[in-house]
Colleague: 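Take this structure, written in structure tokens, and hold onto it; I'll ask about it next.
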2 protein chains.
Amino acid sequence: MTDIRRLAEHLNISIGTVSRALNNRPGVHPETRSRVLQAATELGYVANASGRSLRRGATNTIGFVIETGSPANQAGDNFFYIVTDAMHESLAERGYDLVILPCHSADDPVEYLARLVARGIVDALVITATRVQDQRIALLAKSAMPFLTLGRSETPGEYPWIDLDFHDVARRSVAELVALGHRRIAVALPEKDVNLGQHYRSGYLAGLQAAGLPVDPDLILRVATSEEGGYDFGRQLAALPHRPTAALLCSEATTVGLYGALRNNGIAPGTDVSIITFRENPQLRFLDPAPACFRTSLPELGQEMARAVLDLLGNNGDQARRNHKLWPMTFVPGASVAPPGS
Amino acid sequence: MTDIRRLAEHLNISIGTVSRALNNRPGVHPETRSRVLQAATELGYVANASGRSLRRGATNTIGFVIETGSPANQAGDNFFYIVTDAMHESLAERGYDLVILPCHSADDPVEYLARLVARGIVDALVITATRVQDQRIALLAKSAMPFLTLGRSETPGEYPWIDLDFHDVARRSVAELVALGHRRIAVALPEKDVNLGQHYRSGYLAGLQAAGLPVDPDLILRVATSEEGGYDFGRQLAALPHRPTAALLCSEATTVGLYGALRNNGIAPGTDVSIITFRENPQLRFLDPAPACFRTSLPELGQEMARAVLDLLGNNGDQARRNHKLWPMTFVPGASVAPPGS
DNA sequence: CAGATTTTTGGAAACGTTTACAACGTGGCG
DNA sequence: CGCCACGTTGTAAACGTTTCCAAAAATCTG
């Protein structure tokens, strides 16, 4: 609406001075500055983003990429909303804005990212749902765009990431169950090549090994990350000749389906099959029996991510590019866990 | 990375011609055009967004505003992801991009919007979670920014909206129950002043009136739009001296909590209290008994929204500003509905 | 009070595009 | 052969900022 020229004319002052006043640059008379600031709010002046970023070569905006088409990203409750809300707030304190950049299902995630980088609408990117081999990481590493990944990848190269500690969660889940006497523990892994599956699997194997238990391939199943997938998982467990006494899940939506499938097959969750799922979630609270799970503060995760991104844009960005953070989670006991055969 | 100047130098050609070739402008030799196009993909040239939109006065980007802090926006399943995914795809066919603009919980939605409008990072806005009186609508109507609301408002003035037909859903829900013999039907309304609550309420009242049933204020409760809120609702119903035989809900998360509360009070959902909820949702599929609800295609809704926004930006934008669309939903029977006292 | 120094301001260039306009070359036509 | 029209290209201005540099004004110093 009002541009800086009009604002300057209205004040009978040069636009250079107005700009300096608005941007807290030194060397402008205090009285002039306050006059400018007042006029700006009066006329509702806000700097045009295109003009500003064209000149500055920076947008002061962080992009958070999600794949709206992928059900794997539809984390049941509003994982991304909560994380981005806190991240956004932390960024705002430092003068940065956050936008969510959705990659729609008909678009190629790598091309989408390439376009995003070239268009220059953000100063840094966060990408999520990292794959075991993730071309997006290779692309971003080659470009000059600072980026952070939520989740790791086996893609070679040095890049900053924050990842929920899936390995540790799975390992400890096994340990909890083993301590109660369970020896046959099934696990549901995502069928897609999202990296978290790798770590959850390795944690599961580490847990078995620590307990001296054998690995039964029949108990390691790959299912869709959805309610449907959980139902499939339950059906397959029910059909096993030698049924497991416990099951691990790394997705909350899957848990809902598993409960349904077990019940439909006359198997009582919790008593017949102990269950430990991944992340505590308001939706799970009303499952009966309440599933044991792991807790973490998503707002704190968002704050940490904001910090990591700001570090990338700071003076010692090179240092920050080596930042890795394994995000810990704490065990939440639940009635879904009992000794086998109880 | 590569700007248009470098691209032009690489081709030994003027940047004007390059721009015309890339933008499909007439008056450029076919051979030149193809040479330019090839070089552009080779060098990975993508027009810088700031430069382009500064010159064009348009960004070719639509902003979809959500309030990440508000639990009312955390619609249980991924309502917004599915809608925006389809909307994004439709927009892309017409050369438009879509970004999700989150307003974080510590920020004021009205100020956020004002800033957004002035910064000029989008050509049009979609706002969601409309309130009964919504200052955002007043603000946008005053500005030159084209906008569409998902949900109506009582705010005066002419503006385009698309709204799920909450009134009709509530009215038909009552009718379904009445046909089975129910006469005491409770309803859970959102405690916040989101507009959908008004319409759901009026539909409920219309349904009662059509059946010649009295309105009992004890049966109209306001609760939080969350699992917790649903639990509260159930607890309050259980405590009523003259318990209703049926309940209506306009939120899926609430439904999960209601089931839990009823069970904890020795009341069987479906047989003791019939239940009809709002929107079909993968999470609800595993509730037992399966709740009756209403179905609609969210991708189609997204496509319709894309159409409405593009209309606003088209030649007859004035016409399009009068566009209203009440989005219909179809009833999905479920085991949660039975004759009273069965 | 003149000169030196500092503070404050104005002017103009630059960021990367797009586009109106002018210029150029080519071919057709009289 | 000269002129005009047309197709193609180059040039430069403009979009709204920020910032460098110079100019002006204010303050200090001897």
Side-chain angles (χ1 to χ4, degrees), chain A residues 1-37 39-40 43-61 95 97 115-123 144, chain B residues 1-37 39-40 43-61 95 97 115-123 144:
Chain A
M1 210 73 221
T2 17
D3 56 2
I4 202 174
R5 197 174 335 256
R6 244 196 287 276
L7 186 55
E9 280 169 11
H10 177 257
L11 286 162
N12 269 334
I13 228 180
S14 81
I15 77 176
T17 305
V18 173
S19 176
R20 276 187 296 265
L22 291 171
N23 291 297
N24 265 23
R25 289 283 172 285
V28 33
H29 192 92
E31 196 199 305
T32 315
R33 164 160 293 145
S34 67
R35 273 182 56 220
V36 172
L37 258 46
L43 302 187
Y45 170 80
V46 176
N48 174 283
S50 305
R52 162 171 286 177
S53 56
L54 179 58
R55 168 66 222 217
R56 279 195 182 160
T59 61
N60 273 42
T61 301
D97 199 8
R115 243 162 29 223
L116 224 47
V117 168
R119 290 200 300 157
I121 61 177
V122 292
D123 294 347
Chain B
M1 208 74 217
T2 17
D3 57 1
I4 202 175
R5 196 174 337 258
R6 245 194 287 275
L7 186 54
E9 280 169 11
H10 177 258
L11 286 162
N12 270 335
I13 229 179
S14 82
I15 78 176
T17 305
V18 172
S19 175
R20 276 186 296 264
L22 291 172
N23 291 297
N24 265 21
R25 289 282 175 283
V28 33
H29 193 91
E31 196 199 303
T32 315
R33 164 160 293 144
S34 66
R35 272 182 57 219
V36 171
L37 258 46
L43 302 186
Y45 170 80
V46 176
N48 174 282
S50 305
R52 163 172 286 178
S53 57
L54 179 58
R55 167 66 221 215
R56 280 196 182 160
T59 60
N60 273 39
T61 301
D97 199 10
R115 250 171 12 233
L116 224 46
V117 168
R119 291 200 300 156
I121 62 176
V122 292
D123 294 347

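Naming: A, B, ... by sequence-line order, numbering from 1 per chain.
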Colleague: How long is the line joining CD1 of B/Ile4 and C1' of C/dA14, in whole Å?
Modeller: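 So the two atoms are 17 Å apart, to the nearest Å.
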Colleague: Assuming nearest nucleotide by heavy-atom distance, tell me which of A/Asp3 and A/Arg20 is located more 5' along DNA chain D.
Modeller: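 Nearest nucleotide further toward 5': that of A/Asp3.
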Colleague: Would you say B/Asn23 reaches C/dT18's phosphate, i.e. side-chain N/O to OP1/OP2 under 4.0 Å?
Modeller: yes
Colleague: Under 4.0 Å from OP1 or OP2 of C/dT9: is there any side-chain N or O of A/Thr17 that close?
Modeller: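 It does not, given that no N or O in the side chain of A/Thr17 lies less than 4.0 Å from OP1 or OP2 of C/dT9.
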Colleague: Toward the 5' end of DNA chain D, which comes first, B/Asn12 or A/Asn48, by nearest nucleotide?
Modeller: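 Looking at the nearest nucleotide for each, B/Asn12 comes out on the 5' side.
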Colleague: Can you measure A/Asn60 atom CG to D/dT18 atom P for me and round it to whole angstrom units?
Modeller: 11 Å
Colleague: Please classify the nucleic acid contact of B/Gly16 as base, sugar-phosphate, or nothing, using heavy-atom distances under 4.0 Å.
Modeller: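 Since a base atom lies under 4.0 Å of B/Gly16, the category is base.
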Colleague: Report yes or no: does A/Asn60 contribute a side-chain atom to a donor-acceptor pair with the main-chain N or O of A/Gly95 at less than 3.5 Å?
Modeller: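 Side chain of A/Asn60 to backbone of A/Gly95, a donor-acceptor pair under 3.5 Å: yes, one is there.
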Colleague: Are OP1 or OP2 of C/dT18 and a side-chain N or O of B/Arg52 less than 4.0 angstrom apart?
Modeller: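 Yes, B/Arg52 has a side-chain N/O under 4.0 Å of OP1/OP2 on C/dT18.
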Colleague: Below the 4.0 Å mark, does C/dT17 have OP1 or OP2 next to a side-chain nitrogen or oxygen of B/Tyr45?
Modeller: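 For C/dT17, OP1/OP2 do have a side-chain N/O of B/Tyr45 under 4.0 Å.
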Colleague: Let's test your reading of the model: under 3.5 Å, does the base of D/dT17 pair with the side chain of A/Arg55 as donor and acceptor?
Modeller: no
Colleague: For the pair A/Asp97 and B/Arg119, find out whether any cationic side-chain nitrogen is under 4.0 Å from an anionic carboxylate oxygen.
Modeller: yes
Colleague: Nearest whole Å is fine: how far is D/dT18 P from A/Leu22 CG?
Modeller: 7 Å
Colleague: Starting the side chain at C-beta, find the nucleotide from D/dT9, C/dT9, C/dG16 nearest to A/Ser14.
Modeller: C/dT9
Colleague: Are A/Arg25 and D/dT18 close enough that a side-chain N or O sits under 4.0 Å from OP1 or OP2?
Modeller: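 A/Arg25 to D/dT18 OP1/OP2: no side-chain N or O under 4.0 Å.
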Colleague: Using whole Å, what does the distance between atom P of nucleotide D/dT18 and atom CZ of A/Arg56 come to?
Modeller: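 The answer, rounded to whole Å, is 6 Å.
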Colleague: Any base atoms under 4.0 Å from B/Ser53, or only sugar-phosphate, or nothing? Heavy atoms, all strands.
Modeller: nothing
Colleague: Would you call A/Asn24 and A/Arg33 a side-chain contact if the rule is heavy atoms closer than 4.5 Å?
Modeller: yes
Colleague: Taking only the side-chain nitrogens and oxygens of A/Ser50, find out if one of them lies under 4.0 Å from OP1 or OP2 of D/dT17.
Modeller: no
Colleague: Hey, are the side chains of A/Leu22 and A/Leu7 touching, using non-hydrogen atoms and a 4.5 Å cut-off?
Modeller: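 A/Leu22 vs A/Leu7: side chains touch.
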Colleague: Determine whether B/Val36 and B/Leu11 make a side-chain contact, defined as any pair of heavy atoms from C-beta on separated by less than 4.5 Å.
Modeller: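 Of all side-chain heavy-atom pairs linking B/Leu11 with B/Val36, at least one is under 4.5 Å.
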Colleague: Whole angstroms only, please: what is the CZ-P distance between B/Arg33 and D/dT9?
Modeller: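 From B/Arg33 CZ to D/dT9 P: 10 Å.
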Colleague: Under 4.0 Å, counting only non-hydrogen atoms across every strand here, what does A/Gly57 touch: a base, just sugar-phosphate, or nothing?
Modeller: nothing
Colleague: Is A/Thr32 near enough to C/dT9 that one of its side-chain N or O atoms lies under 4.0 angstrom from OP1 or OP2?
Modeller: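 Indeed, a polar side-chain atom of A/Thr32 lies that close.
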